[in-house]
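One structure is given here, and the rest of the page talks about it.
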Amino acid sequence: MVPHDGARPVGQVKEVTSLANPLVKDIKALALKKFRDQQNAFMAEGLKLVIDALDLGWSIRTLVFAKAGRGNAAIEKVAARTVAAGGTVLEVSEKVLAAITRRENPQMVVGVFVQQTLPLKDIRATDGDVWVALDRVRDPGNLGTVIRTVDAVGAKGVILVGDTTDPFSLETVRASMGSIFAVPVAKATEQAFLAWRRDFPGLVAGTHLKGAVDYRSVDFSRGPVLLLMGNEQQGLPDSLADSCDRLLRIPQAGRADSLNLAVATGVMLFEIRRGALKLDPTADAMRAAKT
């Protein structure tokens with residue numbers, strides 16, 4: 001099995017060419033939520049994502065890299081960091097890497113990390129904070145995109161309410177483009193969320209087809225904001241809609257009767273954070289240099 005928390009073993013490097021290798025089988029199994037939960041682990045693809053995760057303090061269990069990466073200074077540095085952290089480094093064939101990632105042209109590096117969520121009770125919202133609560137989000141692409149957008153606008157984190165898609169699925173992690181490592185994610189039942197919401201010190205706003213208020217007419221600058229977004233198919237249930245201070249609506253002019261969840265959340269977040277978002281040529285240049 002992939003090493004679990006506790007007494008961390010001394011890191012080691014192994015060369016693997018067989019799909020039947022037990023370590024490879026355990027990593028492949030992480031494609032299924034059952035095994036992610038059993039191992040409390042998940043996969044992230046790409047050298048940049050792995051470096052970002054390590055820089056942000058995430059615990060790495062296994063680093064997998066293609067033989068073609070041997071001699072690459074950046075990969076060797078990450079491998080050394082993994083070994084120093086007590087993780088295992090696997091040098092594998094492209095066939096093995098493709099099987100792990102389920103891609104014909106996989107990225108050269110895959111990291112296996114320990115799952116990390118934020119307890120709902122530890123969220124203490126203060127002035128300027130923005131949190132997003134998603135009710136029973138089903139689509140991993142939507143969830144990953146929302147997490148990425150939360151990161152982009154500088155919001156504080158995401159609260160998953162009810163039975164949602166897994167934030168640590170390979171599809172969600174891919175869609176988040178690494179923001180899963182920068183954005184705190186909390187999970188809660190609807191009952192626990194509503195109990196926590198009662199003590200939320202700021203504005204709780206939800207989007208709803210019955211909303212009569214244009215989202216652009218609201219002053220979001222005072223205190224923290226909790227944005228509550230509904231399920232892709234059903235929107236907010238009455239129990240959650242009733243918990244909102246304001247029910248808002250995004251005006252539309254075309255034939256479409258609704259927006260994609262991730263798009264609607266993005267529209268709302270950029271409006272809520274409008275006053276805090278300024279163009280910064282220096283920061284933009286630094287981001288461009290890293291890509």
Side-chain angles (χ1 to χ4, degrees), residues 44 46 48-49 51-58 113 116-135 137 140-161 164 167-168 172-188 193 196-197 200-207 215-229 244-246 248 250 259-291:
K48 182 182 183 301
L49 263 65
I51 292 172
D52 287 348
L54 290 173
D55 288 347
L56 289 167
W58 287 67
F113 292 89
Q116 184 175 302
T117 56
L118 176 69
L120 186 65
K121 63 181 178 60
D122 289 348
I123 297 176
R124 301 284 189 270
T126 58
D127 282 359
D129 288 357
V130 178
W131 285 86
V132 177
L134 301 175
D135 171 53
V137 55
N142 278 338
L143 177 54
T145 302
V146 168
I147 290 171
R148 183 181 180 184
T149 307
V150 165
D151 188 10
V153 302
K156 289 298 183 179
V158 173
I159 302 168
L160 301 179
V161 182
T164 71
F168 299 113
T172 302
V173 175
R174 281 174 181 162
S176 82
M177 294 295 289
S179 290
I180 186 70
F181 297 113
V183 174
V185 175
K187 299 179 181 180
F193 170 77
W196 173 86
R197 177 265 174 272
F200 187 79
L203 175 68
V204 179
T207 60
Y215 78 106
R216 296 167 297 184
S217 67
V218 178
D219 180 7
F220 294 109
S221 64
R222 299 178 182 178
V225 176
L226 174 63
L227 174 63
L228 186 50
M229 302 295 293
C244 293
D245 299 313
R246 306 291 290 273
L248 310 179
I250 301 173
L259 288 174
N260 167 272
L261 172 62
V263 171
T265 305
V267 169
M268 292 296 304
L269 281 174
F270 273 92
E271 177 64 22
I272 292 169
R273 292 282 294 161
R274 188 194 337 180
L277 300 175
K278 309 293 182 184
L279 289 179
D280 185 343
T282 302
D284 290 343
M286 290 178 64
R287 290 191 189 96
K290 291 181 179 179
T291 59

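Numbering of residues begins at 1 and proceeds along the displayed sequence. For clarity, every value in this text was computed on a predicted model and none was experimentally measured.
- Listed for the Trp196 side chain is no donor-acceptor partner under 3.5 Å among the backbone atoms of Lys121.
- Considering all non-hydrogen atoms of both residues, Leu259 and Ala264 come closest at CB-CB, 4.1 Å.
- Using a distance-only test at 3.5 Å, with no hydrogens or angles considered, no donor-acceptor pair links the side chain of Asp245 to the main chain of Leu203.
- To the nearest 0.5 angstrom, Leu228 atom CG is 9.0 Å from Arg197 atom CZ.
- Taking all atoms of both residues into account, the shortest heavy-atom contact from Val183 to Ile147 is CG2-O, 3.6 Å.
- Note that CD1 of Ile180 is 13.0 Å distant from CG of Asp52, once rounded to the nearest 0.5 Å.
- Note that CG of Leu226 and SG of Cys244 are 7.5 Å apart. Values are rounded to the nearest 0.5 Å.
- When all heavy atoms of Val218 and Arg246 are compared, the pair lying nearest together is CG2-NH2, 4.3 Å.
- Scanning both residues, Pro167 and Val173, for their nearest heavy atoms gives O-CG2, 4.0 Å.
- Of the possible donor and acceptor atoms, one in the side chain of Arg273 sits under 3.5 Å from a partner among the backbone N and O of Val153.
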Stepwise side chain to side chain contact (heavy atoms under 4.5 Å, CB included) test for Val267 and Tyr215: CA-CA 9 Å; Val267 169; Tyr215 78 106; 3.4 Å; yes
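- In terms of heavy atoms, Pro224 sits closest to Asp127 at CD-OD1, 3.8 Å.
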Pair Trp131-Ile123, side chain to side chain contact (heavy atoms under 4.5 Å, CB included): steps then yes or no: CA-CA 10 Å; Trp131 285 86; Ile123 297 176; 3.6 Å; yes
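- The heavy-atom pair separating Phe270 from Leu277 by the smallest distance is CD2-CD1, 3.6 Å.
- Taking the six-membered ring for Trp and the full ring otherwise, the centers of Phe113 and Phe168 sit at least 6.0 Å from each other.
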Derivation and outcome, side chain to side chain contact (heavy atoms under 4.5 Å, CB included), residues Thr164 and Leu134: CA-CA 8 Å; Thr164 71; Leu134 301 175; 5.9 Å; no
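- Annotation: the span from Lys48 atom NZ to Met177 atom CE amounts to 8.0 Å, rounded to 0.5 Å.
- One finds the CD1 atom of Ile159 at 12.5 Å from the OG1 atom of Thr117 (value rounded to the nearest 0.5 Å).
- To the nearest 0.5 Å, atom OG of residue Ser179 and atom CG of residue Leu49 are 8.5 Å apart.
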From CA spacing to verdict: side chain to side chain contact (heavy atoms under 4.5 Å, CB included), Ile250, Met268: CA-CA 8 Å; Ile250 301 173; Met268 292 296 304; 4.1 Å; yes
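- Using modelled atom types, one finds no donor on one side chain facing an acceptor on the other under 3.5 Å when comparing Thr145 with Asn142.
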